[in-house]
Amino acid sequence: MKLVGVDVGGTFTDVIFSDTESGRTEIHKVPTTPDDPSDGVSAAIHGLCERHAVAPTEIDHLLHGTTIATNAILQHDGAKTGMITTKNYRDILHIGRHQRPEHYSIMQEVPWQDRALVRRQHRLTASERIAPPTGEVLTELNEDEVRTAIEELKNAGIESIAVCFLFSYLNPAHEDRARQLIEEQYPECFVTTSSSVSPQFREFERFTTATMNAFIGPKVRDYVNHLATRIGDDGIDADLHVMSSNGGVATAKMVSERPVMTLLSGPAAGVLGGAWTGELSNRTKLITFDMGGTSADIGIVSDGTFAQASARDTWIAGYPLLVSMIDIHTIGAGGGSIAYADPGGGFRVGPRSAGAIPGPAAYGQGGQQPTVTDANVVLGRLDKDYFLGGEMSLDEQAAERAITDLASALGLDVPTTADGILTLVTANMANAIRSRTVQKGIDPRDFTLVAFGGAGPLHAVDVARELGMSEVIIPPYPGITSAVGLLTTDLKYDTIRTEFQVSDATDVPRLNSDLAAMEEELTDQFMTDGLDRSAINFLRSGDLRYVGQGYELRITFPNGLLDDDSLMAIFDRFHDQHRAEYGHDFPDSAIEIVNARVTGIGQMPKIRQPESIDAGSRESALIKTGACMFRVGNQLEEFDTTFYQREMLPWEQPIAGPAIIIQQDSTTVVPPANEFVSDMAGNMIISIGEQA
C-alpha cells in the first residue's frame, strides 16, 4: 500500500509518502494557501511526487488533516444558518447555562450571545413533545408548522438548517421527519439534526453542537467535494479520508455530513504522531508539544492512551460541544506570533500571528512586525542559508529591523529584546502545559516531552527545563509529525446513548441491548465504507457520576455481555478514577450510568517503523561553527555553536551542546549544558542538564 498524509497548517502544508511494503518514506513542505487550501494540498502532493519519482496513480490512500472547520468557527465565517426547534424553546441557544467564561465580570464577552451561530430571527419553532425517560410521544409533530418554518427560512436566504427538538436523544422520530420535510421542500439546503450529531442529554450543548455542524457544514462539504475533484483531476485515484477530533479518520462522505467531527483535525493528528514517536523509543508517558507557525498544541499520552476531553471542558472558540475529541489545549504561540508593547508598556508575545502571508519579517514577504521566528534569527539559532534544509533563504536584516523597532519602544538592546521574546513565549507554553498537568494532579516531571511542528524543536529544551522535565524527544520528521500521525491511525466512529441508570437498580438487559445495537449500527456504517466485518473492533465505555453530581467521568467497559460482577468492577473503577481525579471518593454513594458509548475501529494500513540505516559521523554531519546567543543564569552570552546535518549524525553517540541540528522540515536547538543522541529508531533524544 502507498499512503500519503497531508496536513494543512497555518503557515505550511506538510505531506508525507509511505510505502508500507518497502518502508520507503519521503516528505515535502510548501506554503499554505489560505484562500484555497486545496491549492497547497495539490502543490504539496505534486511537489513530492516530482521530487521523489512517485507516480500519483500509485497512491492508494490519501489521509488529510484540515483546519477548514476550525477556521470557520474561529473567524465566525460560516453559512447563514437557521434553526427549527420545539415551541417556546428558541432561546436555549442564547440563555445557555449559569456558567459564564468569567464568573464575576460584568464586561465579559459571552460567545454564544455575542457571536450567535443562529440569529434569533432565524430560530423558528414547531409544536411537538417527546417525554423522558422512555421517549414517549406526548404531542405529535405539527408538520404544517414545520413547512411554514421551512418556507420562511428559505425566503430569508438560509443556507443551512439545524433541527433541534427536546429529548430527541431518546426518540429521534420528530427530528427525522422534519429532516424529510426540509429535503422535500428545500433540497439544496444543508440539514443537521441534533440526534444524528450528538444524541445525548444537555440540550444547550446538544443544540450548540448541532447548530455548529450546520454553521460550518456547507463550507466543509464544499471543500471536501472540491478537494476530491481536485485530486481526481490530478490523476490520484485514492481513497480520501479526513482526520477527526477523536483520533481516527472518517470517509469524505461522513465528514461532509458531520463536519463538526473535524474541529481538531490537525492537532489530533499531531498527538497521534507524537505517541507513535514515543513508542519507537519505548517511552509511553508523553506530553506532546506541537508548535507551528500560528499556535502550539499540547496533548497528554499515558501508556498509549490519549487523554479524552470531558463534557465539562470540550470547547471550541468559547462554544461548548458534545463530540468525542482528544483533550488538546491550544494557545496562540507559534513561530509567527507577534511581539509588541501593549498600551501600558508591557512586553507581550501573541496570540496575534503573522500567519503564512506576509509571515515573519525574516521570510522576506513584506512582514515588518517582530515575531518569534525573527528573534531566533537575530540570536543566530536559525541560519539564513539552511532554513527548510536550504530551500528557503531568510532575510537577516529584515528580522533585525523588526526586532530593533520593538527594542526602541521597550528601551532595550536588540539581543535582550530577542531573548525576551523567547523567554515570554517559553513561559506561555510552559504555563499551558501546567494547566493540563499540574492543575489536574499530573506531575510533568514523570513524562517525556515530544516536540514537533516547525518551531517545536527550537523551543523544546527551554520549555522542558521550565517544567523540570529531564528529557525531550525530537521525531525523525518533526516539522511534519501531524502528517505522520495521519498514517498511524484507523477509521474511527463513535456512538452514544443516554441511559440514566443507577447502580442499585441497573437494568442490565437493557444496557446489554443498547451496547449491542450501537455496535451493529457502527458495523453497518463500516460495511458501507467498504470494510469487512473481520477488520472491525469495538471499544466500550460509559459516562458515570455519583447521583447528584453535575458532570461525569469516562470509564472503560468490558466487551461481551455485562453481568453483576462486571458492573461491580466498572463501579470500582469509577471510585478509583474519581479519587485520582479529585482526591476523594464516596464508596457508599449510588453511581449513575449517564451515557453508554461504543467506539468502532476499522483497521487501515499504516506507516512502518523506520529501519535503521548505516550511521554517519560527527565529521560528516558537521556543517559549520557559528555564533549563537543563549541565556546562562541572568546573563545573555555568545557561544561558538556547532551546526549539524541531522541525517548524517551517528547513532547512539552522545554529543554535547550548544548545537543546532538542521533538517528539511525543522531546526532543533540544543543549548549549552545539554546533550543529545540519535537512537536506532531515528529519534533524537535530548537530556536536559542543569543550567548554570
Side-chain angles (χ1 to χ4, degrees), residues 289-293 296 333-337 349 360 362 371-389 394 396 399 415 418-430 449-467 469-479 481 621-632 636-646 649 654-678 683-692:
F289 170 54
D290 179 4
M291 183 179 178
S337 292
V349 179
T371 68
V372 173
T373 295
D374 297 314
N376 277 301
V377 172
V378 165
L379 295 175
R381 303 181 186 189
L382 286 174
D383 189 279
K384 68 181 182 67
D385 297 323
Y386 295 100
F387 191 66
L388 290 184
L394 296 176
E396 292 178 335
D419 179 66
I421 292 172
L422 301 190
T423 300
L424 284 173
V425 79
T426 295
N428 291 341
M429 293 183 292
L449 187 70
V450 182
F452 49 95
L458 278 165
H459 302 271
V461 173
D462 290 337
V463 171
R465 178 180 285 120
E466 183 81 9
L467 294 164
M469 302 174 73
S470 61
E471 190 176 67
V472 170
I473 293 180
I474 308 297
Y477 310 107
T481 299
L622 179 64
I623 297 174
K624 69 170 192 175
T625 299
C628 292
M629 301 193 77
F630 297 95
R631 179 164 293 279
V632 179
L636 189 62
E637 299 180 11
E638 187 173 275
F639 288 82
D640 286 334
T641 303
T642 308
F643 287 66
Y644 294 105
Q645 185 69 40
R646 179 169 180 180
L649 285 167
I655 301 175
I660 306 295
I661 296 90
I662 306 293
Q663 59 188 112
Q664 179 187 349
D665 55 315
S666 188
T667 298
T668 302
V669 172
V670 182
N674 304 277
E675 70 174 24
F676 68 96
V677 63
S678 296
N683 289 325
M684 187 160 60
I685 300 177
I686 305 173
S687 300
I688 310 300
E690 294 293 331
Q691 187 173 24

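Note that this is a predicted model, so its numbers are computed, not measured.
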Completion exercise
When rounded to the nearest 0.5 Å, the distance separating CD1 of Ile474 from OG1 of Thr481 is 9.0 Å
Handout entry: Separation of Gln645 CD from Lys624 NZ (nearest 0.5 Å)
Key = 13.0 Å
Exercise for the section: Check whether any side-chain heavy atom of Asp665 sits under 4.5 Å from a side-chain heavy atom of Pro478, and report yes or no. Expected result: yes
Practice task
Would you indicate whether the side-chain heavy atoms of Arg631 and Leu422 approach each other to under 4.5 Å?
Solution key: no
Problem - Inter-residue atom distance Ile473.CD1 - Phe676.CZ, 0.5 Å rounding - result: 15.0 Å
Completion exercise
Correct closest heavy-atom pair for Val669 and Val461 would be O-CG2, 3.8 Å
Handout entry: Ala451 versus Pro457, closest heavy-atom pair with distance
Key = O-CG, 4.1 Å
Handout entry: Within-4.5 Å side-chain heavy-atom neighbours: Ile655 and Thr642
Key = no
Handout entry: Distance in Å, Ile662 CD1 paired with Leu382 CG, rounded so as to fall on 0.5 Å steps
Key = 7.5 Å
Fill in the blank from the handout: Interatomic distance, CD1@Ile660 vs CG@Asp383, rounded to 0.5 Å, equals 9.5 Å
Exercise for the section: Kindly write out the residues that satisfy side chain to side chain donor-acceptor pair (under 3.5 Å) with Arg646, not counting sequence neighbours, or none if the list is empty. Expected result: Gln663
Exercise for the section: Verify, without hydrogens or angle tests, whether Asp374 (side chain) and Ala362 (backbone) share a donor-acceptor contact under 3.5 angstrom. Expected result: yes
Handout entry: Close side-chain approach of Glu466 and Val463, heavy atoms under 4.5 Å
Key = no
Practice task
With the side chain counted from C-beta on, respond yes when Arg381 and Phe630 share a heavy-atom pair under 4.5 Å apart, and no when they do not.
Solution key: yes
Problem - By salt bridge (charged side-chain N to carboxylate O under 4.0 Å, His left out) - contacts of Lys384 (at least two apart) - result: none
Fill in the blank from the handout: Value for OH (Tyr644) from CD1 (Ile623), rounded to nearest 0.5 Å, stands at 10.5 Å
Practice task
With the side chain counted from C-beta on, respond yes when Ile661 and Val670 share a heavy-atom pair under 4.5 Å apart, and no when they do not.
Solution key: yes
Exercise for the section: Establish, from distance only, whether the side-chain atoms of Asn376 and Thr373 form a donor-acceptor pair under 3.5 Å. Expected result: no
Practice task
Measure across Asn683 and Pro475 and return the closest heavy-atom pair with its distance rounded to 0.1 Å.
Solution key: OD1-CA, 3.5 Å
Problem - Smallest separation among heavy atoms of Met429 and Ala296, with atom names - result: SD-CB, 4.2 Å
Handout entry: Phe639 vs Val632 side-chain heavy atoms within contact, under 4.5 Å
Key = yes
Problem - Minimum heavy-atom distance between Pro415 and Met629, given as atom pair plus value - result: CB-SD, 3.9 Å
Exercise for the section: Please answer whether the main-chain N or O of Pro672 pairs with a side-chain N or O of Asn674 as donor and acceptor at a distance below 3.5 Å. Expected result: yes
Practice task
Check whether any side-chain heavy atom of Ile686 sits under 4.5 Å from a side-chain heavy atom of Thr668, and report yes or no.
Solution key: yes
Exercise for the section: Taking all heavy atoms of Ala375 and all of Ala418, pick out the closest pair and write down the distance. Expected result: CB-O, 3.5 Å
